[in-house]
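Just so you know, residue 1 is the first one in the sequence shown, and it goes up from there. Numbering of ligands and ligand atoms starts at 1, following listing order.
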Amino acid sequence: MSSTTGLGKTVLVTGGSGYVAAEVINAFLSRGYNIKTTVRNEAAAEKIKKSHSQHIDRISFAYVKDLQIPGGHDDAVKGVDGVVHTASPFVLEVKSNLHDLLEPAKNGTVEVLKSVQKSNPDVKRVLVTSSFASLVDLTQGARPGYAYTEKDWNPTSWEVAASQDTSGVVSYCASKGFAEKAAFDFVADNKPNFDITSICPPMVYGPSSVGFPGFAKLNTSSADIYRFMSGSLKEVPETGFYGFVDVRDLAEAHVRAYESEAAAGQRYLTVSAGYTYQQVADIIRAGFPAKRDLVPEGNVNEPFPDVYKMDNTKIKTELGMEFRPLKTTIVDMVKQFQGYENAAVEA
Ligand code: NAP
């Protein structure tokens, strides 16, 4: 789908070096928007210039070394019409839950919003890339019979999330909840010229339209799939979160939410469907004979477990979203990984 909605308009995407951001940038570019994106260093900017070379005349950069720098985004937000805040640490093994997850996620979001309020009163919409992590109650486990919706909030306390006795997964999930809440609170408390819309995806998979930087540097969710075909898994792990979305659909959801007036102040649980790691293993084993022996077999075609659901009614109804099924997402992603492996062997 293409439109001329964005012609001449500029959107700031924070964290342009990220997996999700690359796709979000592409989606806005393909709608005619100009993109300004924050990166931490020149090397990241150079990579983006190469990977988005066909649109280089419509991309500009702002250098922000860390999300938490007070006033760090003051220059970045100048001259843009809207902001999409994707940058946030998505790592599950950290030295300090407080300093490496909670603070950058929450304080970083607030710093971006402060800069917008101070330096660019023309911005009317800030989209925050949040997560299902911001909704989930991990203490409830698989929660059979429950359907998560946009009404849910992760109840983990700051103290628990900050403790080093807490796992990185629990702390990361909490960091997304605190960051998203802080964004809505900022608007309620400061009444700026802009409103907030948040996008809450569960696990994000699918091929990167700008390519992956290399297997050693895969982002967390891409590495989650690559391990199935790399031979590093001896058995099918227990599924972490029972929902996924294709990164291409997630990017589309960002543009639709950004362009929708009715999305002001709304959260959108942006999920395709439930899935399990067993299904991922089945898809790769059935579709990629060369990989079959590297993928743990598990319990082939096992029935879908009795676990919570994620309700995508709101985003389908209000933004007209449709979602790719798991098979398309995984097959396209594995094909891309295979292409890189083959290129590495030939090089
Ligand atoms: P990613 O590839 O690791 O990208 C994270 C981005 O955030 C990178 O650009 C990174 O910059 C930047 N960043 C992290 N900490 C920073 C800091 N302290 N200061 C400045 N920049 C910082 O992860 P992703 O999967 O694309 O995630 C992007 C967003 O989507 C995050 O908000 C994440 O929570 C959300 N999300 C992702 C998934 C998923 O499955 N992938 C699911 C739900 C939500 P550097 O590259 O310079 O480190």
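Under 4.0 angstrom from ligand 1, the non-hydrogen atoms of S130 all belong to its backbone. Contacts of Y172 with ligand 1, taken as heavy-atom pairs under 4.0 Å, involve the side chain alone. Contact annotation: for N219 versus ligand 1, heavy atoms closer than 4.0 Å belong to the side chain alone. Neither the backbone nor the side chain of A44 comes within 4.0 Å of ligand 1, counting heavy atoms alone. Counting heavy atoms under 4.0 Å from ligand 1, residue K176 touches it through the side chain alone.
In E235, the CD atom is not crowded: 12 or fewer heavy atoms of neighbouring residues, nucleotides or ligands sit closer than 6.0 Å. The number of heavy-atom neighbours closer than 6.0 Å to NZ of K50, taken from other residues, nucleotides and ligands shown, is 12 or below. Surrounding NZ of K49 are more than 12 heavy atoms belonging to other residues, nucleotides or ligands, all under 6.0 Å away. Crowding of K314 atom NZ: a count of heavy atoms from other residues, nucleotides or ligands under 6.0 Å exceeding 12.
With hydrogens left out, the protein atom closest to atom 30 (O) of ligand 1 is T129 CG2, 3.5 Å, a heavy atom. Ranking the protein heavy atoms by distance from atom 19 (N) of ligand 1 puts L67 N, 3.0 Å first. Taking atom 2 (O) of ligand 1 as the reference point, the nearest protein heavy-atom neighbour is Y19 N, 2.9 Å. Taking atom 7 (O) of ligand 1 as the reference point, the nearest protein heavy-atom neighbour is S88 N, 3.2 Å. Nearest protein neighbour of atom 45 (P) of ligand 1, counting heavy atoms only, is S17 OG, 3.4 Å.
Relative to the ring axis of Y146, R143 places its NZ or CZ within 45° and under 6.0 Å from the centre.
Within the 4.0 Å heavy-atom shell around ligand 1 one does not find A105.
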Walk me through it: do E252 and R31 pass the test salt bridge (charged side-chain N to carboxylate O under 4.0 Å, His left out)? CA-CA 10 Å; E252 172 70 23; R31 298 293 225 291; 3.0 Å; yes
